[in-house]
Structures are given as C-alpha cells and as structure tokens.
J.: 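Starting off with a structure, shown below.
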Number of protein chains: 2
Amino acid sequence: MTTRIFIVDDHYMIIEGIRSLLQHGKGLEWMGHAMNATSCMAFLQTHQPHIILLDINLPDVSGIELCKEIKAKYPKIGIIGLSSYNQQSYINKIMDNGASGYVLKNATKEELLDAIETVMDGQKYLSEEAALIVKKNVGSKIPIITRREKEVLSLISEGLTNNQIATKLFISITTVDTHRKNLLAKFEAKNTATLIRMATHLEFI
Amino acid sequence: MTTRIFIVDDHYMIIEGIRSLLQHGKGLEWMGHAMNATSCMAFLQTHQPHIILLDINLPDVSGIELCKEIKAKYPKIGIIGLSSYNQQSYINKIMDNGASGYVLKNATKEELLDAIETVMDGQKYLSEEAALIVKKNVGSKIPIITRREKEVLSLISEGLTNNQIATKLFISITTVDTHRKNLLAKFEAKNTATLIRMATHLEFI
DNA sequence: TGTACAATCCCCTAAAAACAGGATTTTATT
DNA sequence: AATAAAATCCTGTTTTTAGGGGATTGTACA
C-alpha cells in the first residue's frame, strides 16, 4: 500500500526540501501542499491523505488550531507536527490537539521516514530532540491560567496599571490586584518583569 | 562563469529545499552546506564560494555575528541573509553587518535566483516582503541602547530589583535607576511590563 | 580641544506593585 | 444538592518604580 502524504507549510523552501527528501521513499505518494489553513481544508474536501505534515506556524490560523479542525472532521488522518522550535509548549499543545507526532525541521530524512512509518502504524512519534526536551522538562510546569487571568496578563503587558485595568474591565482594583498576585504565583515570578518575560516565552502573550 | 553557492543553515529540510530549487539553475554550482558557524569558517579556509546563503538563526553563533566574521576575512563573498521572519530588526542587523541581501524562507525559486543574480551584480537585494516591511517601518524606531543599559535590561528581565542590580554591578542604586529611566525613554515604554514585552519582541533579550 | 555620549552619582515626591492576610459570590461539574 | 474552581471584593503595610529635577567624570571622535 502507498502512503499518501500531504504537507501544510508556508515556506517554499521547506516544502521543496521535504518533497526532495521523500521523493524517492518507497511506498510514498506525494499529494502536494497547502500554504495556509484555508486551502488545506479545501483540499481535504476532495482528497484523503494518510499523513499530513503540518507546520505549527501558519499565516492564517495556527497549526495547533488547524490540527484540531482536521482531527474533528477527519479523525483517520495522521498528523505530524513540524516546527523549527523544540519548545515544550509547542509539542504539548499540538499533541494535545490530536497530532500523532512531532518532528523538528532539522530532522534527517531517516527521522522523517521513521515518523511517517510509526504514525502509519498507529503509534505516536516524537523526534529525538523533541523527546529529549519533553523528558528534560518533566515537572517544569507550564502554568494553567484562567480566562480572566489571561485577560489581565495581556493588559499588564500592554502597559496598563492595575487602576486602568480595573476601569477597563469594570471591576475593582483589588480584584485586579488579586489576579496579578495569582499570576505571579502561577508563573513563580518575583515581579512583573519576570512575569512578562516568562509569559512571552511560553507564548501566553 | 558559474556562480558558486554555499549555504549555512541548521535545518536539513531547508538545505534540501534550496538545493532542490537551485539544482537546475543555469550557471550555478552547489558547493555544499554547513550547519553551524564553526564548520562554515572551516570550509571557507579551503573553498571560495561567490555567494553564501546564511540563516540568521544558528545554533552556535548568531548568523549576524557570522556574517560580520565572514565579511571581515573574505570581503569578496556576497552574503544573502535567510530567515523565516520578516522582522525589521533582523533585516537591519544583518544588512548592517555586511550582508548584500535578505530573503525570506517562503521566497519562491524566482526570488531566490533573482537575489543571487542581483548580488553577483554587486547590488543589494531585499525580497519583496522584506522590502515592504522596511518601507512600512521607516520611522518606527528600533532603540539604540548602550552596553550597560543592555546589561541592566537583562537583569531587570530576570526579576532583579534596582537594589539587587546595584549590588550585582557594584554601582549605586541611583545609577541603576537612571539606566532604567533611559531604557523606558528609549523604548517609549510606560512601565516595566511594556519595556520587557517590547525588548523581547525586538530580540533584545 | 571641543563636543557628544556613556556611565556614574544625588535629592525629592508620588504612584504603583508586592506581600499578607482575609471573605463572598458566581459558575461549572459531578 | 454538594463541591470545586473562578471571580469578585476588602484592609492593611512595605517595597519598588516612575517622574521630576539635577551634576560629575571619563572616553572617544572629529
């Protein structure tokens, strides 16, 4: 049986690279590519790939979101996340949204083929480096914050003071202060500076 | 005359992609690739490419630094910066360090060939999107900060208070305060939160 | 040898954030 | 209906920042 592969990435060079890497793989059929979420979903209405290689950073919707959508409509398709970054947060997010694998863009041909094979087999695959990161970061918590906290966090990062945030959200300044305290505690940050730095690096903002 | 091309990038998929895109270009000779700064410099001791395609994000030294080094030792080599990001700060930095061009990783084959040709011609090249960004951001200043300010900024982002920074740098707290004020002014930030957010996004931290 | 700029230091005041302890009311979820 | 979690509010105190105004020393550059 041939494995039908489709790729979603907004970089020509990556698309070309992967095509070149996979072209001579046995039992693989290159179905083409999409460069954004919209044209990917359009493609899927008429075609059925077995595996989608999905970039996490897309121009319109994020790859994470797209992954969720695809899985909801076509649960049989195996999705392998692609990214330049071996950040825990990315890996977790896409795997939580139904992906079956995660491969870094500096993966070798062998790793890529391995990933495809493993996922076709019904198993999950993490590229070596990704697996290392996950292992290393076991226990290093990614804070779970609430809607309201996220809202406050975002306004803090925009430079608003507690007072201004209170006015904007029609709540008391003491409430804002409480949210702020909780944010500091959840991120284990000593002050606003660290809070914003960590939140930025963990893609909360 | 054939144009000898060398590429420095730490992503196999990108290397493959570019090779695939350039393979059938007329008058181009693919010399190979390096995946980090060290092996790039080693290669240059024995080989003389005309053009180096240089990724900005490298694992060891940053592409910006490497660009500077290459230009210092081999001023004749034309360097084209490669990046996923069309951020003003990147474009400016690499162009200021001797690069002759800047191409995004989602550039088409034509753009890439155009860039190579233009640079071989002795001219500067910015990819369409990069040029747009630069144009759009004319006047939107990227602050110029001093060594000491950068040092203080970094310590602020790590959560140190003025007092702690003063102790660490063996200077008075009032000096730290002054640096802090200057940072806020240069970034046009109202408070620490915005300062850190802007500094992070502009890659100062 | 000016001049600009970086780096250092100082005073004062007001505003904001951090820290410590609460409590009540909604809103989900089982 | 009970429980948990989220969101709201409160009274304090202390520490830290932000904003305003300075000044001095050294270095680099033209």
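Labels below follow one simple rule: chain letters A, B, ... track the order of the sequence lines, proteins then strands, and each chain is numbered from 1. Just so it is clear, the structure is predicted and the values come from calculations on it, not from any experiment.
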J.: I need the CD-C1' distance between A:Glu149 and D:dA6, as an integer number of Å.
T.: 8 Å
J.: With the side chain of A:Asn162 defined as its heavy atoms from C-beta on, choose the nearest nucleotide among D:dC9, C:dA17, C:dC10.
T.: C:dA17
J.: Distance check needed: C:dA18 C1' versus A:Leu183 CG, whole Å only.
T.: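 About 13 Å, once rounded to whole Å.
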J.: Only one of A:Leu54, A:Ile52, A:Val119 clears side-chain contact (heavy atoms from CB on, under 4.5 Å) with A:Ile77; which?
T.: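 So the option named by the test is A:Ile52.
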J.: Do the side-chain N and O atoms of A:Asp121 and A:Thr118 include a donor-acceptor pair separated by under 3.5 angstrom?
T.: no
J.: Could you tell me how far apart B:Gln164 (CD) and D:dT17 (C1') are, to the nearest whole angstrom?
T.: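 Atom CD in B:Gln164 sits about 14 Å away from atom C1' in D:dT17.
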J.: Quick one: is C:dA7 close enough that its OP1 or OP2 comes under 4.0 Å of any side-chain N or O from B:His179?
T.: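 The answer is no; no side-chain N or O of B:His179 sits under 4.0 Å from OP1 or OP2.
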J.: Taking everything shown except A:Phe187 itself, do over 12 heavy atoms lie less than 6.0 Å from its CZ?
T.: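 For A:Phe187, atom CZ is crowded (more than 12 foreign heavy atoms under 6.0 Å).
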J.: Round to a whole Å and report the spacing from CD of A:Glu151 to C1' of D:dA6.
T.: 13 Å
J.: Can you measure B:Phe170 atom CZ to C:dT8 atom P for me and round it to whole angstrom units?
T.: 13 Å
J.: Could you tell me the separation between the CD1 atom of B:Ile145 and the P atom of C:dC5, rounded to a whole number of Å?
T.: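 Atom CD1 in B:Ile145 sits about 17 Å away from atom P in C:dC5.
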J.: Quick check for you: among D:dG19, C:dA18, C:dA7, whose closest atom lies nearest to any side-chain atom of B:Lys181?
T.: D:dG19
J.: Base, sugar-phosphate, or nothing for A:Thr174, non-hydrogen atoms under 4.0 angstrom?
T.: base
J.: Could you pull out the closest heavy-atom pair between A:Ala115 and A:Tyr125, with the gap in Å?
T.: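 Distance-wise, the nearest heavy atoms are CB-CD2, 3.4 Å.
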J.: For the side chain of A:Thr178 and the base of D:dC9, is some donor closer than 3.5 Å to an acceptor across the two?
T.: yes
J.: Quick check for you: among C:dA6, C:dA20, D:dT8, whose closest atom lies nearest to any side-chain atom of A:Arg148?
T.: D:dT8
J.: Is the A:Phe6 ring parallel, tilted or perpendicular to the A:Phe43 ring (thresholds 30°, 60°)?
T.: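 A:Phe6 vs A:Phe43 ring planes: parallel.
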J.: Judged by each residue's nearest nucleotide on DNA chain D, which is more toward the 5′ side, A:Asp177 or A:Asn182?
T.: A:Asn182
J.: Indicate, with a heavy-atom threshold strictly under 4.0 Å, whether A:Thr161 touches base, sugar-phosphate, or nothing.
T.: sugar-phosphate
J.: Base, sugar-phosphate, or nothing for A:Thr192, non-hydrogen atoms under 4.0 angstrom?
T.: sugar-phosphate
J.: Take B:Ile144 and B:Ser172, find for each the nucleotide of DNA chain C with the closest heavy atom, and name the residue whose nucleotide sits nearer the 5' end.
T.: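 Upstream on the strand: B:Ile144.
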J.: Could you tell me whether B:Thr175 contacts a base, only the sugar-phosphate backbone, or nothing, with contacts defined as non-hydrogen atoms closer than 4.0 Å?
T.: base
J.: Rounded to whole angstrom units, what separation is found between the CG atom of A:Leu184 and the P atom of C:dC19?
T.: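 The answer, rounded to whole Å, is 7 Å.
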J.: Choosing from C:dT8, D:dT8, D:dA18, which nucleotide comes nearest the side chain of B:Arg180?
T.: D:dA18
J.: Over how many whole Å does the gap from A:Asn163 atom CG to C:dA18 atom P extend?
T.: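 In whole Å, C:dA18 P and A:Asn163 CG are 15 Å from each other.
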